[in-house]
Amino acid sequence: MSGLDELDRPGTPDGAARDRTGPGAGDRSGNPESALDGAGPGRPGSAFDGRGPAKPGSAFDGTGPGKSDSVSERAASTSRRGAVDPVKTLMRRHRELCERAVDPLEIAAGLEAHGLTDRTAARFRHRDVFSLAEEMYARVSRDGDTPLPAPPAAPRVRADWVLLTLLPGALCAAAIAAVHLTHGRSRLFAAAAGALAVALALRAALSRGPLSRTDTDGSGPRPDAASSRTTPWTVWLVAYALLGNGLLDNALAGGPDTLPTGTADGPWPLTAAPVLALALACAPAAWTAHLLTARARRKLAASRGLEDFAAAVRPLLLGVFALFLGTLAALLALSGTALGEPAAYAQGLALGALLFLARLLTTHGFTYAPAVVLTAAATVEAAALATVFASRLPGAGVLATPVEALVTAWGAGSVPTLTCGAAALALLVHTTRKLTRASAHAPPEAVR
């Protein structure tokens, strides 16, 4: 914030604090009974004598060397001190925030979102941002004429978003069952209809509840622009989890010669267990996101400093992340058992962690990092496939060497596992920095 360094220095008035006992403080003669010496009655013509004009060089004469006037200096000093009120100046800059806030926590979160830290608050003679926000809130509520709005509703569990988060998993299970029960062209139609139904259900689930930008009502800003940037890469990552491993194995063997048949034992096998587990994990992702929001706002109300809040929220964030991964691991085991496929724990957990962290950041207003990381992960997976096919060109066989070595050592699933795992680790570090800020968990109106 510009100008913060100047706000904490009220300044010393010009010509302040001269020695009032030496020569030049009174009349030209330096007489101790001159204008500013109060020991004894004032001599005729002195500043305290009401008879006749003041002598040249006295306290009320502006031409002599003793130019200092106690009354005028005090008035000038008072006016200068009154004009430089750091908190009042800050309140002017954030007038809308102060008038709209329903409690000091909203002001604290708004100030922190605009770059103020506890160190900056010390320049305003406050120990932390929370203390500064309390003074600003008290002054607005005492002097302001604008009535305060109603307090924001606390996040709560609602039946609509609970049902919407269960819908993607149910439709995905139905689509996989339809693919297994049909043949030929009917199987193709069933797969296309199932994919469309799951996509629409997932879109509806992300537009309500804790996985949306607002979790208190159906209105308010949502990250539509961010979703439009990340949706293609998310679709690619999920499609690779379904088809990528089989395609990579076929490509390294010289294929593929046929299209996928929609079964796990075909020439181009599908790995449906991770995709089904991820669809079912939409519900626990919403529950854990709701838990994070509710507990973080509770800690925000109890914190007395930005560092204290960050220290309290960091273990909560890591605990919520671990809880989601544990639930996803159980769903992977259940999906693998139900479909008779390998559970693919490493690949499923890496992709699930990446998508969960990206959505958490997006719902709290941090959209740039998820878009960049998801784009990078999808690009790496596409490049791995592209190098295998490009190695068939004359003299380009060396291009497939890294992928061949990786697949030979750890299998085809190692490519998405390492790619999504590295991307999730990068997002986790970014998340522990961004979602431990007070402004990330304040109501949206507090940080506008």
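Atoms considered below: every heavy atom in the structure, side chains included; atoms not considered: hydrogens, waters and symmetry mates.
For the residue pair Ala201 and Leu171, the shortest heavy atom distance occurs at CB-CD1, 3.6 Å. Gly348 and Pro274 get closest at one heavy-atom pair: CA-CB, 4.5 Å. Across Ala350 and Gly421, no two heavy atoms sit closer than the pair CB-N, 3.7 Å. The minimum heavy-atom distance between Pro284 and Phe324, with the atom names listed, is C-CD1, 4.3 Å. A pairwise comparison of heavy atoms in Thr288 and Leu323 identifies CG2-CD2, 3.8 Å as the closest pair. In this structure, Tyr345 and Ala333 approach most closely via the heavy-atom pair OH-CB, 3.2 Å.
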message: If you apply the rule side-chain contact (heavy atoms from CB on, under 4.5 Å), what do you find for Leu428 with Leu318, and how did you get there?
response: CA-CA 9 Å; Leu428 179 61; Leu318 296 177; 4.2 Å; yes
field: Residues Leu278, Leu328; criterion side-chain contact (heavy atoms from CB on, under 4.5 Å); working and verdict
entry: CA-CA 7 Å; Leu278 288 174; Leu328 179 58; 4.2 Å; yes
task: Could you walk me through whether Leu385 and Val415 pass the side-chain contact (heavy atoms from CB on, under 4.5 Å) test, one step at a time?
output: CA-CA 10 Å; Leu385 287 172; Val415 173; over 6 Å; no
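Counting heavy atoms from C-beta outward, Leu361 and Tyr368 have side chains that stay 4.5 Å or more apart. Considering only heavy atoms from C-beta on, Thr230 stays 4.5 Å or farther from Thr362 through its side chain. The side-chain heavy atoms of Phe309 and Thr436, taken from C-beta on, include no pair separated by under 4.5 Å. Put simply, the side chain of Leu351 does not reach to within 4.5 Å of the side chain of Tyr240, judged on heavy atoms. A 4.5 Å side-chain heavy-atom check between Leu360 and Leu292 finds at least one atom pair inside the cut-off.
For CZ of Arg295, the number of neighbouring non-hydrogen atoms (other residues, nucleotides, ligands) closer than 6.0 Å is 12 at most.
Atom OG1 in Thr431 sits 10.0 Å away from atom NE2 in His364 (nearest 0.5 Å). In this structure, Leu276 CG and Glu341 CD are separated by 9.0 Å, a value rounded to the nearest 0.5 Å. Taken from SG in Cys282 to CG in Leu206, the straight-line distance is 6.0 Å, to the nearest 0.5 Å. Atom OG1 in Thr231 sits 7.5 Å away from atom CZ in Arg203 (nearest 0.5 Å). We find the CG-CZ distance between Leu355 and Arg359 to be 10.5 Å, quoted to the nearest 0.5 Å. To the nearest 0.5 Å, atoms CG (Leu280) and CG (Leu334) are separated by 7.0 Å.
No donor-acceptor distance shorter than 3.5 angstrom exists from the side chain of Glu381 to the backbone of Leu237, with no hydrogens or angles considered. Between the side chain of Thr271 and the backbone N or O of Ala241 there is at least one donor-acceptor pair closer than 3.5 Å. Counting only distance, with no hydrogens or angles, the side chain of Ser186 and the backbone of Thr182 share no donor-acceptor pair below 3.5 Å. Within the 3.5 Å criterion, the main-chain N or O of Trp161 finds no donor-acceptor partner in the side chain of Arg208. Not a single donor-acceptor pair under 3.5 Å links the side chain of Ser335 to the backbone N or O of Leu332.
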If you look only at distance, which donor and acceptor atoms sit under 3.5 Å apart when one is on a side chain in residues 242-250 and the other is two or more places apart or in another chain?
unit_1: Asn245; atom_1: ND2; unit_2: Gln347; atom_2: OE1; d: 2.8
unit_1: Asn250; atom_1: ND2; unit_2: Gly246; atom_2: O; d: 2.9
unit_1: Asn250; atom_1: ND2; unit_2: Pro267; atom_2: O; d: 2.9

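Remark: Arg433 pairs with His430 by the side-chain contact (heavy atoms from CB on, under 4.5 Å) rule, at least two apart or across chains. When the side-chain hydrogen bond (donor to acceptor under 3.5 Å, both in side chains) test is applied to Thr375, the partners found at least two apart in sequence or on another chain are Trp233.
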